[in-house]
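In what follows, a structure is listed as structure tokens, so that the remarks can point back to it.
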Amino acid sequence: MYQDERLPLILEELKKHQRITVEQICARFGVSRDTARRDLVKLEEQKVIIRTRGGAILPSAHQEVKGYHQRLETVSKEKKQIGEKAASFIHEGDRLILDTSTTVQALADFFPNVRCTIVTNSINLADLLSAKKHADIQLLGGKLEKKHRYLYGASVIERLRSYYVDKLFLGVVGISEHGLTIAHEEDGMVKRTMLQQAKQKIVLADHSKIGVTDYFKLADLSDIDVLITDRSPPYSFHQLLQQYGVELVITGEETEE
């Protein structure tokens, strides 16, 4: 196989697994280490990879996070499946914190008719769940982030610290070996406090968020209890979850241990 034929295949492997090593290229394509290194040099010259010690990773995309209404218009089937699975974790008498992400909002469509208490800083969620007869809703007051439709700031964080709840449902922009990340620091600080106030921390993230590291780190993998997603993650990430005692729940499949 010629180099021009290998390069797109190496890129394809990178997109699947987020990183690749020289050894993996050698095994996959039956080439020497020197040939594998030359392939990576060529891809680096094309500015489509970043070389690392012993291999390569993809460069960060740094895509702008769309406004809340734009994101709601594109809530995927996967997010709805995640929301439905998350709703099955809610039981009579639960005290809950729900964050502002659209994946968490997908939960509202499947919210069970049980007596519960909900704490949130999401204007949209508070409005949607107000139709639930037995839901007692505490909307956290603070500064309004108009584009993304959430309340934030010192008053939100201070108020959050007054509540101790059974479960937190949390959305993220990225979840990787570096932990849980978000695009905006002010949102991240609120989410970080939410994590501190819940007994069980449940993260909702579709497959596109796995392996992604965004701007602001709000927590480590060891800080969460459950990850609900729509596809089985790469083996290496699955191993990390097991290492940190995170229960993996994949929609349509049995719970992974």
key: From CA spacing to verdict: side-chain contact (heavy atoms from CB on, under 4.5 Å), I90, L96   = CA-CA 8 Å; I90 298 171; L96 312 168; 3.9 Å; yes
Pair L125-V104, side-chain contact (heavy atoms from CB on, under 4.5 Å): steps then yes or no = CA-CA 9 Å; L125 260 176; V104 173; 3.9 Å; yes
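Annotation: side chain to side chain donor-acceptor pair (under 3.5 Å) contacts of T21 (sequence neighbours excluded): Q24. Remark: E84 engages no residue in a side chain to side chain donor-acceptor pair (under 3.5 Å) (not counting sequence neighbours). Qualifying side chain to side chain donor-acceptor pair (under 3.5 Å) partners for S88, counting only residues two or more places apart in sequence or in other chains: none. Scored by the side chain to side chain donor-acceptor pair (under 3.5 Å) test, D206 finds S208 as partners (sequence neighbours excluded).
Side-chain contact annotation: D99 with S101, donor-acceptor N/O pair under 3.5 Å present. With 3.5 Å as the limit, one finds a donor-acceptor pair spanning the side chains of S176 and T213. Remark: the T35 side chain and the R38 side chain contain an N/O donor-acceptor pair separated by less than 3.5 Å.
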Could you list the donor-acceptor pairs under 3.5 angstrom formed by side chains in residues 131-143, with sequence neighbours left out?
residue	atom	partner	partner atom	Å
K132	NZ	F111	O	3.3
H134	ND1	R115	NH1	3.4
Q138	OE1	Y163	OH	3.3

Please list, one pair per line, the donor and acceptor atoms closer than 3.5 Å that link side chains of residues 2-10 to other protein atoms, with sequence neighbours excluded.
residue	atom	partner	partner atom	Å
Q3	NE2	D39	OD1	3.0
E5	OE1	Y2	N	2.8
R6	NE	D39	OD2	2.7
R6	NH1	M1	O	2.8
R6	NH2	D39	OD1	3.1
R6	NH2	D39	OD2	3.3

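Summarising the geometry of K199 relative to D225, their closest heavy-atom pair is O-OD2, 3.5 Å, with the distance given to 0.1 Å.
Within a 6.0 Å radius of CD in E158, no more than 12 heavy atoms belonging to other residues, nucleotides or ligands are found. Open room surrounds CZ on R95; 12 or fewer heavy atoms of other groups in view lie less than 6.0 Å from it. Within 6.0 Å of OH in Y215 there are 12 or fewer heavy atoms belonging to other residues, nucleotides or ligands.
Remark: E177 engages R19 in a salt bridge, criterion side-chain N to carboxylate O under 4.0 Å.
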